Amino acid sequence: MNRDLLGIRQLSTDQITDLLRRSDGYFLQLNSIDPFRKSSLLDGRTVANLFFENSTRTKTSFELAEKRLGATSVNLSMQTSSLTKGESLIDTVNVICAMKVDCVVVRHSSSGVPQLLRKHLPDHIRIINAGDGGHEHPTQALLDAATLQAKLGSLKNKKIVIIGDILHSRVARSNMILLNKLGAKVTLVSPLTLTPKYVEEIFGVRVVHELADEIKDASAVISLRIQFERQSRSLFPNLSDFRMRYGLTPLRIMETNAFILHPGPVNRGVELDNEAADSEKSLILQQVKRGVAIRMAVFEWLFEDK
Ligand code: ASP
């Protein structure tokens, strides 16, 4: 059976470890060979990037990974797609695939779209989930783990705190599953109104609603963007109240040695003050670098002969 990357949930711990190891190799190559010579791994392969929701860094990162592996990429964005003319998602995707595509990278605002495409597309077309609604964002969680491991070594028993809008965050979901599989101890810090019901039981994490001393003994903190686009009503009083309760302010980062991660885009002055985003503890640009390496590793894994 061909491989897909629909979510972290479908990956075993061994597969995650394998992907992280492969990505380390690509990360080293990307950083040490100048100029990086294109590999021929995806020579003759065509990858369709179907982004039905806005994206800058994830889309660019996938495109770079594809180009560095020698693939031909085609891009379809919501604005130019026939969906705006009333065609169904499946029809649009079938049309693209009839053009002999080997892999589809899909981002959509509805949860479950990659799984839906899996049911409709022929088996030989590989599917990568680049973020589906509030459900999963597997390559983000993998690149976060690669970034964390590079600093912390094994994540077993390491305290990782995820702060902010957990309810609407696919990044939080994929990270909770992945960090659990790698043995980390995950604590969520979020307002009650931005915390999914039963998250402790379902994901095996600890939940608190006040930041207090939580980050003082943490190995790393993953701060999340407030996902206004998925909120139809106001779930907290205002942005400055949110910053006071959950933001990484200069005072808070002085009290901890924890590394700081954020999937981007960052709302400076809300989730992270400049002092946090630009501090020595910030790994945000490392995450971006690791992102290309992880996506190269995912393509290698999807297309290797088994
Ligand atoms: N870039 C991440 C995502 O696509 C995080 C965010 O948008 O806040 O989910």
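Just so you know, ligand 1 is whichever comes first in the structure, and atom 1 is the first atom listed for that ligand. Residue numbers run from 1 in the order of the sequence given. The shown structure was predicted, so the numbers you read here are calculated from the model rather than taken from an experiment.
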From CG (N49) to OG1 (T58), nearest 0.5 Å: 11.0 Å

Pick whichever of E53, R225, E136 has a heavy atom sitting closest to atom 7 (O) of ligand 1. R225

N or O pair under 3.5 Å between Q227 and ligand 1: yes

Identify which one of R252, R268, R243 satisfies the side-chain hydrogen bond (donor to acceptor under 3.5 Å, both in side chains) criterion when paired with D273. R243

Going by atom types alone, do S240 and N238 pair a side-chain donor with an acceptor below 3.5 Å? yes

Strictly by modelled atom types, are T147 and R290 linked by a side-chain donor-acceptor pair under 3.5 Å? no

For atom 9 (O) of ligand 1, closest protein heavy-atom neighbour: R170 NE, 2.8 Å

Tell me: protein heavy atom nearest atom 2 (C) of ligand 1, and distance? G264 O, 3.7 Å

Show me which atoms of ligand 1 lie under 4.0 Å from any heavy atom of H137. 3 (C), 4 (O), 9 (O)

Enumerate the atoms of ligand 1 whose separation from the nearest heavy atom of V171 is less than 4.0 angstrom. 2 (C), 5 (C), 9 (O)

Worked check of side-chain hydrogen bond (donor to acceptor under 3.5 Å, both in side chains) between E271 and S223: CA-CA 7 Å; E271 305 107 36; S223 171; 5.1 Å; no

Are any of the heavy atoms in R107 under 4.0 Å away from ligand 1? yes

Look at the side-chain heavy atoms of Ile, Leu, Val, Met, Phe, Trp and Tyr, link any pair under 4.5 Å apart, and say whether Y26 and L302 land in one connected group. yes

